[in-house]
Every structure is written in structure tokens, then in C-alpha cells.
Amino acid sequence: MQSHDRPEQDPAAEIAALRAALAQTQEQLHEAQHLLLEQARVFQAMEELTHAGYWWRVHGDRAGGAHWSAGLCRLAGFAEQAWVSNAQGCSGVLPEDRPALEQALAQMDGKDVEYRWCRPDGQVRRLRTCMRLHQTQDGATMELGVVLDVTQGHQVAAQLSEQLNFIQRIASSIPGFIYQYRVRPDGSASIPYISDAVQDLLGVSPQVAMHDLAQLATQIDASDLQRMRLLLERSIQDLLPWQCEYRVHDDDGNVRWHMTSAVPQKESNGCVLLHGYTLDMTERKRAEEEIERLAFYDPLTGLPNRRLLLNRLEDAIAMCLRKRKRGALLFIDLDNFKDLNDTQGHDIGDRLLTQVAQRLVAVVRNADTVARFGGDEFIVILDGLSSELSTATMQAETVAEKLLCALNTPYALGATPHYSTSSIGITLFGDERHSVDELLKRADLAMYQAKAAGRNTQRLFDPSMQTALLARSSLETDLRLGLERGELFALYQPVVNHRGQVLGVEALARWRHPERGMISPADFIPLAEQTGLILPLGRHILRTACTQLVAWADDVQTAHLSVAVNVSARQFRQHGFVAEVLEILAETGANPQRLKIELTESMLLSDLEYTIARMEQLQQQGVSFALDDFGTGYSSLSYLKRLPLDQVKIDQSFVRDVLTDPNDAAIVRTILALAQSLDLVAVAEGVETTGQMGFLRLHGCEQFQGYLFGRPDSPQALQALLHSQH
């Protein structure tokens, strides 16, 4: 039997093959080790980046400890080590957290457990672990745990919680609530957030508001809600901030004012998110209303004041021009209101003004304006009258008559009814553009025409009044210039006894205009009173009279003369009047005993005690006083006997008809008897006939003044007259 032997191989070749295989294996192993090392580095880097680590051990082998990763060692604060004993592995767990951790170790169910770990350096970290059993490919069971450092997350959560608490504290302390309002592309809306204060402002809890935002609108005024929604839609569409004020009705029926404001923000999903706040601004509204009331309304009557009137008149003029309608301006002035104030006090006057305001408002329409222009002056604006001039005029005059009737009804000011009348000036507007000032001037001028017509009536403005107004304005300008240029001077009318001997004179103001010539005192004296020019005029005449007294003192024929000077109420009541008279006397060197000041009865009605005190101050210096135009005012024995008077002057209106009118004769006799009983010298003014003089002498009058004895003349003419009598 033949045997087949395997051929023998070359040992060297086999060794070379083995070496090549070994080198290839070593290279593959090296590559595997390198890959494993890189994977380990990546894993360690991932552990470091995620602040994580892991541990493992064979299931059931808990006595020997566990294998810890480098990342877990870093988390625990240990030096890097592959094996950690059980004692060392639990050394950093805070005692109060150990029960939960031990329970998780026993269950190994993969649930997260957090615990606190105190590192060797004393730093406490919060760790979260997840532990479970893991089956390997060779069938072995391992316990595997992953640990994550969540300290920073807790710190962030704590900061967020603190910030949220801070926001909540702010939201609860501000006078309102803050909110977020989201509108989706389909138009639906929701409230992601609203602060607790919504409960106080709208009576709706935050939970209810976020669940059903319609509850927020239940207390908002219906008309304001519609306007509010329109503004909100516009804000969402234009992505512009919005703000709205609206009224809220609470459960008690009270009305409060809220203001909401928000800023819209477009979100990536197409929604619009508004961040806003709502405030209760009721008190601010009330303050604004009070400020407006003080700024635009009269505090006494509650009517619009001058400032608001001018605004409304501007609007009425513009509206009439736009609608081609007419309007009317009624200027109302109470007749003799000053007398009521002076005699019964300002409180009674205020009560009358209040009742007048109520009556005016009751007569006109709600669309018309009633305003207090100042003092005892009221304005009524009638709007929307007919475009026809005649019809509009009739409408305005009809309203004016109704107003006069209403104001003529007795007023309840005290124990007895009080009667008061008014004068009304009317001007129409709307046919052409007029300024507010022009219309007021026209109505004011028409009102003065009503007063001139006897008061308690109305007058409609016409162009002739404008002519008169321009003439008055021109005269006022000339009067101012005349005082500056020395055009005004004094003439002197003699006062004589029954034998015609001149005892004294009355200084009378006269004005010689360089172009107009002599201007009547009846024209410029009332103008001076109205414009305040009576003060410089009165001062000029007083100084002129005192200077003349000094000139006459050097002549034996005129040294005995006294000079009477009329003093207006405005001049007498001005501060420093007494000092002014004494200063003029001292500067001129005039004898005070030769100066006589004439006062009218109307001046004595206001503050009698003050008037007496001033008179006595001057009387102590030698100045005497006469009561001018006696019998035409409100003569009363109760004050007449108290006044430090030397003379009474009988008004020429009684002297003129003393021989033909029994009433005038009786008045003159009464005045003369009264003067004798009070030991006062009576001087009759306006004596023009010997018959008048005879009647006056028969009833005891001893001094006379009038054309019968001489007209007002220059001091030179009077001086010549006196020399001719001797």
C-alpha cells in the first residue's frame, strides 16, 4: 500500500507568513486601539461638555464598589480613578437625600432621581441620575447609571422664579393690571397672561379672563367698547402702539375711567402679540375736569367763562359761514347792579348773579351758549338761525324779549322780593367773517344804546352805532393827547350872595381841541369816567385850582375867594387820594381853607365809614366839603347828618322849573328847610332869572350860582369883574 506524504514546507517561508499575519493583526489592533482611544476622548469631551458621567458594575456585586467614568469623577470632585468604593461613592450625598437615592438603587427602574452632592472642596452641586439594569451580548447583567450635573439649571430656574416673583410684585403694586393679548391669523384671540389686579379693576379673576376674554368687556360702556375695538383693530393692522380711554360701570352703578395701552409685536407664526397695561384713571379724569372747570367755567354761576366763550364764539362763526346760517350774539348787562352790591353787600349780589344765570339757561336751547363775561355781564350765543336776515333778526329779538321777561321776575334774595332789570344788545353774524372782538364791540355798543333808551330793553346793532363807536374811540385818543399837551384847563363860575357879591367860584373843566375847537364837558367828562382818564384830569384841575388860589391870594379883591372842585367817585376812592390833595396844597402853597371839594350823593353809598374817615382827614387840614346835585340821588338823613359837610348844592333841574312846577317848588323848599336844620349852607345852581332868585331867597337860600350872575369864565375876566364892583 502506497502512502501519500504531505510535502514539506519551507520553515523560513512559514515563519515569514506568520510574521506578516502578525504584523497585519498588530496593525489592525493598533488601528482599533487608536479608534477606541479617539472614541474615549470624544466620549470624555461629551461628558465634560454636558457635565455628565456614568458608572457601572456587575449586577449583584455591590460589595466591591463600581467603575466610575472620568466625567463622573470630575462631577464628584474626585481625582480621576477607574474604581470607586461604595463608601466613597456615597460620601458626598447629603443625608436628607440618601433615602431617595438608595430606593432608586434598589429599584433600578430607570426613573430620574435628584440629589445634592457635597464635593470635597465644600461646594454643593445638584445631580440627577438615571439607573437601570443592562444586558450585555454575552448574557451578563450590569447595573448602569448615568449622572448629570443640573446645578446650573436649578440656578436658572431659581433666577427665573425670582424674576417671576419680582414681576408679580411689580404687577401687584402698580395702579392697574398688565396683560398679553394674542390675535391669530384667523382672527381668534386669547390672553396668555394677565395680572391679578384685573380682579380689582374689572371684577374678573385672571383665570376667568384667560379662559373667556369676553368677560373683560361686560362692564365697559357700550359706546366706548365699539370705539375701543376699532382702535385695537387698527393697531393690529398697522403694528403701531395704541391707547384708549373708556368708561367702566361697576356693580354699584358708578362710572369710572380706565385707560389701556399696548404695543403690538408680529410673531413668526403670523400671530400678533400685544404687550399692554390698563390703569384706573378716574381720579386723574376728575382732576382734569376740575382743572377744565377752573380754566373754562365761572366758579360762581357754573357758566362758561370769558375764555371758553371766545372759543365757542369762534366755532359758531365758522359753523355759520360753513352752513350758510346766521347766529346772534346777545350782550346782557344788569341794570343798577352796582347799587345792589354797594347797599346790600357782595354776597347778595352773588346770589342775584347765580339766579340770573339759572334763568338765562332755562330760556335758551341746549345748543345755545350762555356765558358769564365778567361782573354783571352775560353773553348768549344763538346758533343755527335762519339764513334770511329779517327772519334771523326776528328770532334773536324774540329770544331777547323772553330773556327780559325772565329777568324781570322778582328774585328771592332775602326777606323781601328783589326786582332787577337788564339791558340787552344784539348783533347778528354769519353773512361775512367778523372777528370775535368786533362782534363783542358791536353787541356791547348796542347794549349801551339799550341803557341810553331807558334800560330794561333791547337794541339791535346798526352801522350808525359803529360810527358812534369810532367817534368815541377817536375822542378818547384825542383826550389822552390833550391831557399830555395841556389842552384842558379850568374856567370859573362865581357863587354869589343875595346882594350879588362874589363869595367863591366853582372850577369847571374845559377842553379846547386844536382842530375841533371847544368840546362840551357833556362829551368828554363821561368818556373820562369810563376810560379812567378822569384820574389825571381830576388831578390836573385840582392843581390848576390851587395854583389859581395862590395867584388870587396876592390881590385884595380876590384873596377872600374860595374855589370848589368837583371830585369823581373814582378819584375820591383811589388809594392815596388824601395824600395827593395834601401834596398838591403843599406844592402850590394854596390855603386849604379856601379849597372846597364837591362830592356827589352816589359816592356816599359805598362804604360810608371809609368816606367819612377820608373827609375828616382833609377837614382837619382846613379843606371843606359840599354835597353836589343834592336831591337827585339817594339822600338819607341817617348819613347826611353824619357827614362833615359845609354846603349842599340844589341841583339845577329843580331850580329850572321852581316857578312852574309845584313838585320842584316843594322839593326846593324841603331841601332848604333840611339845610337850615342841619346848619348847612345851601347853594342854588342854575339860577337864570330874578324870579327864581326871588323864590329861593323867600325860602331861605342865601347863595346862588348860575347864568344870572355869570357864566364860567377865565380867572382874568373874573378878576376884572370883581375890580369893577369896587
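The two residues G349 and F337 make their nearest non-hydrogen contact at O-CE1, 3.6 Å. Summarising the geometry of R697 relative to F704, their closest heavy-atom pair is CG-CZ, 3.4 Å, with the distance given to 0.1 Å. When all heavy atoms are compared, the tightest approach of A396 to L382 is CA-CD1, 4.1 Å. Of all non-hydrogen atoms in L537 and I525, the two that sit nearest each other are CD2-CD1, 3.9 Å. Here the closest heavy-atom approach between residue A553 and residue A559 is recorded as O-CB, 3.8 Å. Between G686 and Q652, the shortest heavy-atom distance links the atoms CA-CB, 3.7 Å.
With respect to R442 and E438, a salt bridge is recorded, a charged nitrogen being found less than 4.0 Å from a carboxylate O. Under a 4.0 Å N-O distance rule, the pair R306/E377 does not qualify as a salt bridge.
A donor-acceptor pair under 3.5 Å links the side-chain atoms of T558 to the main chain of W552, judged by distance alone. The backbone N or O of F625 sits less than 3.5 Å from a side-chain atom of D646, completing a donor-acceptor pair. Distance alone, capped at 3.5 Å, places no donor-acceptor pair between the H418 side chain and the G414 backbone. Of the possible polar contacts, none joining the Q458 side chain to the G425 backbone as a donor-acceptor pair under 3.5 Å is found. A donor-acceptor pair under 3.5 Å links the side-chain atoms of Q692 to the main chain of E688, judged by distance alone. Not a single donor-acceptor pair under 3.5 Å links the side chain of E476 to the backbone N or O of T531. The closest donor-acceptor contact from the side chain of D298 to the backbone of T301 lies under 3.5 Å. A side-chain donor-acceptor contact under 3.5 Å links T477 to the backbone of S473.
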Going through the distances and angles, do E609 and R642 end up as a salt bridge (Lys or Arg N to Asp or Glu O under 4.0 Å)? CA-CA 10 Å; E609 299 300 329; R642 296 183 55 199; 2.6 Å; yes
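In this structure, E685 and D628 have side chains that are in contact, with non-hydrogen atoms separated by less than 4.5 Å.
Side-chain atoms of D523 and S520 form no donor-acceptor pair, as typed in the model, at a separation below 3.5 Å. Counting only N and O atoms by type, the side chains of S653 and D651 include a donor and acceptor under 3.5 Å apart. Using modelled atom types, one finds a donor on one side chain and an acceptor on the other under 3.5 Å when comparing D335 with S423. Between the side chains of R472 and Q530, at least one donor-acceptor pair of N or O atoms lies under 3.5 Å.
In this structure, the side-chain contact (heavy atoms from CB on, under 4.5 Å) partners of T409, at least two apart in sequence or on a different chain, are R359. In terms of the side-chain hydrogen bond (donor to acceptor under 3.5 Å, both in side chains) criterion, Q548 has no residue partners (sequence neighbours excluded).
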Could you list the donor-acceptor pairs under 3.5 angstrom formed between side-chain atoms of residues 666-682 and any protein atom two or more places apart in sequence or on another chain?
| from | atom 1 | to | atom 2 | distance (Å) |
| --- | --- | --- | --- | --- |
| T670 | OG1 | A666 | O | 2.8 |
| S677 | OG | A673 | O | 3.4 |
| S677 | OG | L674 | O | 2.6 |

Which pairs of donor and acceptor atoms, one on a side chain in residues 307-314, lie under 3.5 Å apart (sequence neighbours left out)?
none

Can you give each donor-acceptor pair under 3.5 Å made by side-chain atoms of residues 499-515, sequence neighbours left out, with the distance rounded to 0.1 Å?
| from | atom 1 | to | atom 2 | distance (Å) |
| --- | --- | --- | --- | --- |
| R499 | NH2 | Q501 | OE1 | 3.4 |
| Q501 | OE1 | N497 | ND2 | 2.9 |
| E506 | OE1 | K649 | NZ | 3.1 |
| E506 | OE1 | Q705 | NE2 | 2.7 |
| E506 | OE2 | N566 | ND2 | 2.6 |
| W511 | NE1 | E487 | OE1 | 2.9 |
| H513 | ND1 | E515 | N | 3.0 |
| H513 | ND1 | R516 | N | 3.0 |
| H513 | NE2 | D478 | OD2 | 3.1 |

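Judged as a side chain to side chain donor-acceptor pair (under 3.5 Å), the pairs with a partner in residues 535-546 (not counting sequence neighbours) are, in order, R539-E580, R543-E587.
Atom CG of residue N341 and atom CG of residue D347 lie 9.0 Å apart, to the nearest 0.5 angstrom. Note that the OG atom of S420 and the CG atom of N408 stand 8.0 Å from one another [nearest 0.5 Å]. Here the CD-CG distance, from Q716 to L721, works out to 13.5 Å after rounding to the nearest 0.5 Å.
Between F331 and F373, the ring center distance clears the sub-6.0 Å criterion.
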